[in-house]
Amino acid sequence: MNRVRLAEFLRTRREALQPEDVGLPRGGHRRTPGLRRDEVAELSGISTHYYTRIEQPRGPVPSAQVLAAIARGLQLSSDELDHLLRLAGHPAVRPADPRHGISPGLRRIFDRLQDETALIVDEVGETLLQTPAAVALLGDETRYSGMMRSRIYRWFIDPTSRRHTPTEDHPAHSRALVAQLAHTAASTRNPHADAMITELRRSSPEFEELWSQHPVAGPYCDAKRLIHDEVGEIELHGQTLHDPERPQALTVFTAEPGSESERRLRMLSRV
C-alpha cells in the first residue's frame, strides 16, 4: 500500500469538488478549496475520523468496500476507482460496462429497445442510460451531477422538476418516491442513499413529513400522467425489469393501445 500517494490522490479529488457538485449547501466561509473531509465522510457513509486517518496518511489499510464507498462519494470514474484500489494494494475491479457499471444483461436488452421509450436507473433514482425516445419524453436525465443525478432528489429540491407532472398528482408522486428511497435504505447498505436521505430530511420539510410516516412501496407502479411541452398530456405505464445481481432496473414506458396517449407518444418518438 502506498499510503502517501493514496492520501494525495484522495485530497486532490476532494479539493476538485465543490459542495454544489454533490448536492450539499456551501454554507459559510470555507478555509480550504473543495469539499471538507467531514463532507466526503458523510457522502461515503464512514466516520470523519476514519476518513481523516486515510488522508493524513495513517491508520489501518482501508478495505476495497470502503474505498468503493469513498469513490462513489467523490464521484470517481471507473478508471479512478481502479487506481485508488491499486494504491491501497487491492486488485482493480473494473465493471463490465465502464459507464456506471451497467448490468451486461440489462444493457443487451436495452440495446434492442432503441425505438422504444426505455431507460436504466439505479436504486436511488439515478438515470444511467436513456433511449432517444426517452430523452425526447423526459429530457436528458444523465446530464446532472452529484445528488442532482437522482430524480428523487430533484423532485424535492428543484421545483422545476415538477412542472411536467399535473399538480393534483404531486402528493401521490412524492409519497411514492419517499417509499422507494425508504425501501432502498432498508434493503441495501448504500451510503449514497443514506447521505441523500439525511440531506433531504434537512432541506425538504415535505420529505421530512412523509419520511416520518414510514410509507411503504407497493409491488407495482401505477399509471402516471406527464405533461409534455410539445404534445400535451400523456398517460404512461411503466414496465420494469430488475437485475438480479445489481441494484439496477430497466423501465419501458408504454401507453394504452389505440389511445390518444399512444398517438402522442409515437408522435414524440418520431420527433
Side-chain angles (χ1 to χ4, degrees), residues 14 17-27 35-51 63 65-76 100-101 119-128 141-162 165 169-219 221-222 224 238 240 242-243 246-249 251:
R14 172 173 61 83
L17 279 177
Q18 299 302 316
E20 309 88 71
D21 296 333
V22 294
L24 294 177
R26 172 163 289 277
L35 297 179
R36 297 191 296 259
R37 288 171 176 166
D38 63 299
E39 291 171 331
V40 175
E42 177 186 346
L43 292 169
S44 306
I46 61 177
S47 73
T48 301
H49 176 68
Y50 187 77
Y51 178 79
S63 68
Q65 290 77 16
V66 167
L67 292 174
I70 293 173
R72 287 194 295 270
L74 290 173
Q75 300 182 0
L76 301 186
H100 307 285
L119 66 162
I120 295 177
V121 300
D122 70 7
E123 60 186 346
V124 295
E126 292 187 4
T127 300
L128 308 181
E141 294 194 333
T142 67
R143 71 184 187 275
Y144 299 97
S145 62
M147 290 188 185
M148 288 294 285
R149 286 184 56 84
S150 167
R151 62 175 60 174
I152 301 175
Y153 186 82
R154 293 198 304 273
W155 178 264
F156 291 100
I157 296 299
D158 180 9
T160 64
S161 67
R162 303 190 177 201
T165 301
D169 294 349
H170 287 187
H173 194 58
S174 294
R175 189 174 185 85
L177 292 178
V178 174
Q180 177 186 337
L181 194 54
H183 175 77
T184 295
S187 58
T188 64
R189 181 174 174 78
N190 186 323
H192 189 31
D194 294 339
M196 187 180 300
I197 290 168
T198 299
E199 177 60 23
L200 285 173
R201 293 186 67 183
R202 187 188 67 81
S203 303
S204 170
E206 179 189 13
F207 182 91
E208 171 63 16
E209 181 180 356
L210 288 169
W211 182 261
S212 67
Q213 298 173 13
H214 298 272
V216 176
C221 181
D222 295 331
K224 290 182 174 59
T240 300
H242 292 273
D243 186 81
R246 303 190 188 187
Q248 299 170 359
T251 297

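Below, each value reflects all heavy atoms present in this structure, side chains not excepted, and no hydrogens, waters or symmetry copies.
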Backbone of E141 reached by a side-chain donor or acceptor of T127 within 3.5 Å:
no

Can you name the residues that form a ring pair (Phe, Tyr, Trp, His ring centres under 6.0 Å) with F156, not counting sequence neighbours?
F207

Atom OG of S203 and atom CE of M196: how far apart are they, to the nearest 0.5 Å?
12.0 Å

Exercise: identify the closest heavy-atom pair between L74 and L17:
O-CD1, 3.4 Å

Interatomic distance, CE@M148 vs CG@D158, rounded to 0.5 Å, equals 4.5 Å

Who are the side-chain contact (heavy atoms from CB on, under 4.5 Å) partners of T198, not counting sequence neighbours?
E42

Test of understanding: with side-chain contact (heavy atoms from CB on, under 4.5 Å), list the residues that count as partners of P19, not counting sequence neighbours.
L24, R26, R30, L35

Heavy atoms of A69 and S44 approach each other most closely as CB-O, 3.4 Å

Mind checking what makes side chain to side chain donor-acceptor pair (under 3.5 Å) contact with S212, not counting sequence neighbours?
none

Taking it one step at a time, do D169 and R162 satisfy side-chain contact (heavy atoms from CB on, under 4.5 Å)?
CA-CA 10 Å; D169 294 349; R162 303 190 177 201; over 6 Å; no

Spell out, as yes or no, whether a donor-acceptor pair under 3.5 Å connects the side chain of T184 to the backbone of V124.
no

Run the side chain to side chain donor-acceptor pair (under 3.5 Å) test against R37 and tell me which residues pass, sequence neighbours left out.
E55

Flag, side chain of S204 to backbone of L200, donor-acceptor distance under 3.5 Å
no

Please name all residues satisfying side-chain contact (heavy atoms from CB on, under 4.5 Å) with Q180, sequence neighbours left out, ordered by chain then number.
I152, L177

Not counting sequence neighbours, which residues clear salt bridge (charged side-chain N to carboxylate O under 4.0 Å, His left out) with R201? List them please.
E208

Quick check: do H242 and T240 have side-chain heavy atoms less than 4.5 Å from each other?
yes

Using the test salt bridge (charged side-chain N to carboxylate O under 4.0 Å, His left out), find all partners of D38 that sit at least two apart in sequence or belong to another chain.
R36

Surrounding NE2 of H173 (heavy atoms of other residues, nucleotides or ligands, distance under 6.0 Å), is the total greater than 12?
yes

Taking side-chain contact (heavy atoms from CB on, under 4.5 Å) as the test, write out the residues that go with A176, two or more places apart.
none

Contact summary for A182 and P215, nearest pair of heavy atoms
CB-O, 4.4 Å

A side-chain contact here means heavy atoms from C-beta on lying under 4.5 Å apart; do R14 and I70 qualify?
no

Under the side chain to side chain donor-acceptor pair (under 3.5 Å) test, residues paired with D243 that sit two or more places apart:
S103

Can you name the residues that form a side chain to side chain donor-acceptor pair (under 3.5 Å) with S174, not counting sequence neighbours?
W155, E206

Considering non-hydrogen atoms only, spot the tightest contact between L43 and G73 and give its length.
CD1-O, 3.7 Å

With heavy-atom distances below 4.5 Å as the criterion, would you say the side chains of K224 and T165 are in contact?
no

For the side chain of R151 and the backbone of E126, is there at least one donor-acceptor N/O pair under 3.5 Å apart?
no

